[in-house]
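Owing to the predicted nature of the structure, the values given are computational and were not obtained by experimental measurement. Ligands are counted one by one from 1 in listed order, and the atoms in each one are counted from 1 as well.
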Amino acid sequence: MIKIAKFGGSSVADAKHFKQIKRIVEADPSRRFIVVSACGRRWKSDAKVTDLLYLVSAHMRYHVSCDDLLEDIGSRFFAIADELGLSYPIREEYATFCERVHAGELTQEELVSRGEYFTGRLMAEYLDLPFLDAADVVAFHHDGTLAMERTEALIQERGIPGGFLMPGFYGATREGRIMLLDRGGGDISGSILAKCLGADLYENWTDVSGFLSADPRIVDNPQPIGRITYSELRELSYMGASVLHEEAVFPVMEAGIPIAIKNTNRPQDPGTIISDRDDYVSDEPIITGVTGKRDFVAVHILKDHLTNEIGYYRRVLSIFERYRVSVEHIPSGIDSFAVVVRGEDVKDSLWSIVADIKREVEPDKIKVVDDLALVSTVGRNMVGRPGVSGSLFAALGQEGVSIRMMSQGSDEINIIVGVRDSDFERAIRAIYRAFSDGDHLLELSDLKRAEEEARIETAGLAQRVE
Ligand SMILES: Nc1ncnc2c1ncn2[C@@H]1O[C@H](COP(=O)(O)OP(=O)(O)O)[C@@H](O)[C@H]1O
Ligand SMILES: N[C@@H](CC(=O)OP(=O)(O)O)C(=O)O
């Protein structure tokens, strides 16, 4: 049995957490392949080492002194090494690192990666495991994408069969240039390692007892989810449930390796198992989770007899393509549709795109809604269950949240509604309540009415486009 155990930043925040990890690792002899992130927050208002390192890099760029920051970061590593009595020469190594920072010798990627590197060095010694530098085995192409085949070969060649500790979040090109994964990418490193070693289980240890049915920073005490499928996980994490990076699902899903999300501070809790099991058990909740993301923009386009015009959608979408903007959703009516994109992606190009649309496809009307948040409700077989969308729309209606757009995936596992940014958290709480508390479930007649109203609302949305 091979288990990959990835411990996130919150699990390696200080010496107390290191001790807890040692107990977890020693409790199960199959936990011999460990991935760690850089020390995370010790308390709510604390800073993550990775964020501090990005700040150091920014200070260097603008020639502002970063001595205090470097001292803060160093003191976190020194405190861990001192309390655990480790012999790794952290003070000397860290001093060399600081000299190189001051000399401007490090790229931003290498500078930031040292968070995971030093945390990994300390943890490897503490767990008495060999240290495997991710720069030697996680391979990147020059364009910053992962070179999966080379990574697999390198892990086969250099991985130590009895077990090792590898820092997450970074790797290197063939020439040894350090490259980073996305923020939160330690989850991806763990998943890659699980795939390359043909693991039986990928354990992702964090500070919550599994995937919760809503973000605990928005909803109080949301229900934990016992089991979910890879696709549900993907929907939830893509749409904002930040417990596992959205890309982390692919390597293990391809290899059919289940993921367990576990709480480092409460290892006895069952956590969440993610696998391809999709058999539906009737007493399971219909709704797996409610999540969402802010900062979307919808460009509504109205054109009479749109459906008779061959190639109209394509011409509009090609304009977005020209500006290298990827499209998230295209909710449509008979004479209208909306193109929903991430705000960040169009922050410099939105008005040029609108001008091009006006000139090239001559819509009757065009309207931009730029304070849009998307809320995604993920569940099983939702469309086959009467009243689900009704409950959802009624809950939002009762809360006074107006729906500005809706979209449903063809795989029927999610319903996405667009709401005003200012309604974002209220919308999530309202939907969560509607599906978690029997008292809030509505009478069927209410549901039917609400569903009908929502249909009219959505169909009318484009008609109201000014
Ligand atoms: N649906 C959700 N279920 C569980 N946690 C969530 C969810 N949505 C957001 N979170 C947040 O994700 C956090 C865990 O992810 P992260 O901070 O990246 O942890 P780590 O440092 O262990 O990698 C939790 O503390 C929680 O605040
Ligand atoms: N340390 C990196 C990578 C990572 O995965 O961190 P965490 O496990 O704390 O989410 C980051 O902050 O982005």
Side-chain angles (χ1 to χ4, degrees), residues 5-14 17 20-21 24 34-44 46-55 73 76 109 111-120 123 134 138 166-171 179-192 203-226 228 232-248 259 261-266 269 271-272 274 287-293 375-378 425 428 431-432 436:
K6 181 259 171 178
F7 293 92
S10 56
S11 301
V12 293
D14 54 19
H17 280 89
Q20 176 67 353
I21 289 180
I24 291 170
I34 311 296
V35 176
V36 287
S37 291
C39 308
R41 290 186 189 88
R42 291 158 292 182
W43 49 84
K44 223 174 168 186
D46 193 22
K48 294 176 85 165
V49 161
T50 306
D51 290 329
L52 296 176
L53 289 165
Y54 272 111
L55 264 180
I73 299 166
R76 294 192 59 173
E109 286 86 352
L111 192 160
V112 170
S113 73
R114 296 306 88 180
E116 306 351 68
Y117 178 85
F118 287 125
T119 309
M123 186 66 87
V138 177
M166 184 187 89
F169 189 43
Y170 71 91
M179 302 290 244
L180 297 178
L181 293 157
D182 288 350
R183 292 304 307 270
D187 294 334
I188 307 174
S189 308
S191 179
I192 293 169
E203 290 183 333
N204 191 286
W205 292 85
T206 182
D207 63 347
V208 277
S209 292
F211 234 97
L212 305 171
S213 40
D215 187 333
R217 292 163 297 192
I218 299 179
V219 170
D220 288 335
N221 299 318
Q223 287 290 315
I225 305 169
I228 51 173
E232 287 169 323
L233 167 80
R234 168 105 179 105
E235 292 287 346
L236 285 167
S237 55
Y238 183 73
M239 280 303 293
S242 54
V243 63
L244 192 78
H245 190 286
E246 69 203 51
E247 294 296 322
I259 311 171
I261 310 278
K262 298 278 292 175
N263 189 345
T264 301
N265 308 315
R266 293 184 56 85
D269 287 356
T272 302
I274 301 143
I287 298 301
T288 313
V290 187
T291 180
K293 268 191 189 168
V375 174
S376 173
T377 304
V378 176
E425 298 198 346
I428 290 185
I431 297 173
Y432 179 80
S436 63

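- Counting only heavy atoms of the protein, atom 26 (C) of ligand 1 lies nearest to Pro216 CG, 3.8 Å.
- Side-chain N or O atoms of Thr291 include one that pairs as donor or acceptor with a backbone N or O of Met239 at under 3.5 Å.
- Note on ligand 1: Asp207 sits in its first shell, one or more heavy atoms being nearer than 4.0 Å.
- In this structure Ser10 satisfies the side-chain hydrogen bond (donor to acceptor under 3.5 Å, both in side chains) test with no other residue, sequence neighbours excluded.
- Ligand-side atoms of ligand 1 in range of Leu212: 1 (N), 2 (C), 3 (N), 4 (C), range being under 4.0 angstrom from any heavy atom.
- Contact atoms of ligand 1 toward Gly210: 4 (C) (distance under 4.0 Å to a heavy atom of the residue).
- Between the side chain of Ser189 and the main chain of Gly168, no donor-acceptor pair closer than 3.5 Å is present.
- Partners of His17 according to the side-chain hydrogen bond (donor to acceptor under 3.5 Å, both in side chains) rule, which considers only residues two or more places apart in sequence or in another chain, are Asp14, Asn265.
- The residue among Ser242, Gly8, Ser237, Gly184 with a heavy atom at the shortest distance from atom 18 (O) of ligand 1 is Ser242.
- Of all protein heavy atoms, the one closest to atom 21 (O) of ligand 1 is Ser10 N, 3.0 Å.
- Here the straight-line distance linking atom CD1 of Ile24 with atom OG1 of Thr264 works out to 5.0 Å at 0.5 Å rounding.
- Considering all non-hydrogen atoms of both residues, Ala13 and Cys39 come closest at O-CB, 4.0 Å.
- A side-chain donor-acceptor contact under 3.5 Å links Lys293 to the backbone of Tyr238.
- At least one heavy atom of Ala214 sits less than 4.0 Å from an atom of ligand 1.
- Between Arg76 and Gly40 the shortest heavy-atom distance is NH2-O, 2.5 Å.
- With sequence neighbours left out, Gln223 forms a side chain to side chain contact (heavy atoms under 4.5 Å, CB included) with Ser213, Tyr432.
- Heavy-atom contacts of Arg217 reach the following atoms of ligand 1: 9 (C), 10 (N), 11 (C), 27 (O) (cutoff under 4.0 Å).
- For Gly186, the closest heavy-atom approach to ligand 1 does not fall below 4.0 Å.
- Taking every heavy atom of Ala241 and a limit of under 4.0 angstrom, the matching atoms of ligand 1 come to 1 (N), 8 (N).
- Within the 3.5 Å criterion, the main-chain N or O of Ala47 finds no donor-acceptor partner in the side chain of Asp51.
- For the residues Thr206, Val208, Asn204, the heavy atom positioned nearest atom 22 (O) of ligand 1 is part of Thr206.
- Distances shorter than 4.0 angstrom occur between a heavy atom of Lys6 and an atom of ligand 1.
- Residues Thr272 and Ile225 share a closest heavy-atom pair of OG1-O, 2.6 Å.
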### Task
Evaluate side chain to side chain contact (heavy atoms under 4.5 Å, CB included) for Val49 paired with Thr119, printing each intermediate quantity in order.
CA-CA 10 Å; Val49 161; Thr119 309; 5.7 Å; no
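- For ligand 2, the protein residues within 4.0 angstrom (heavy atoms only) are Lys6, Gly8, Gly9, Ser37, Lys48, Thr50, Glu116, Phe169, Arg183, Gly184, Gly185, Gly186.
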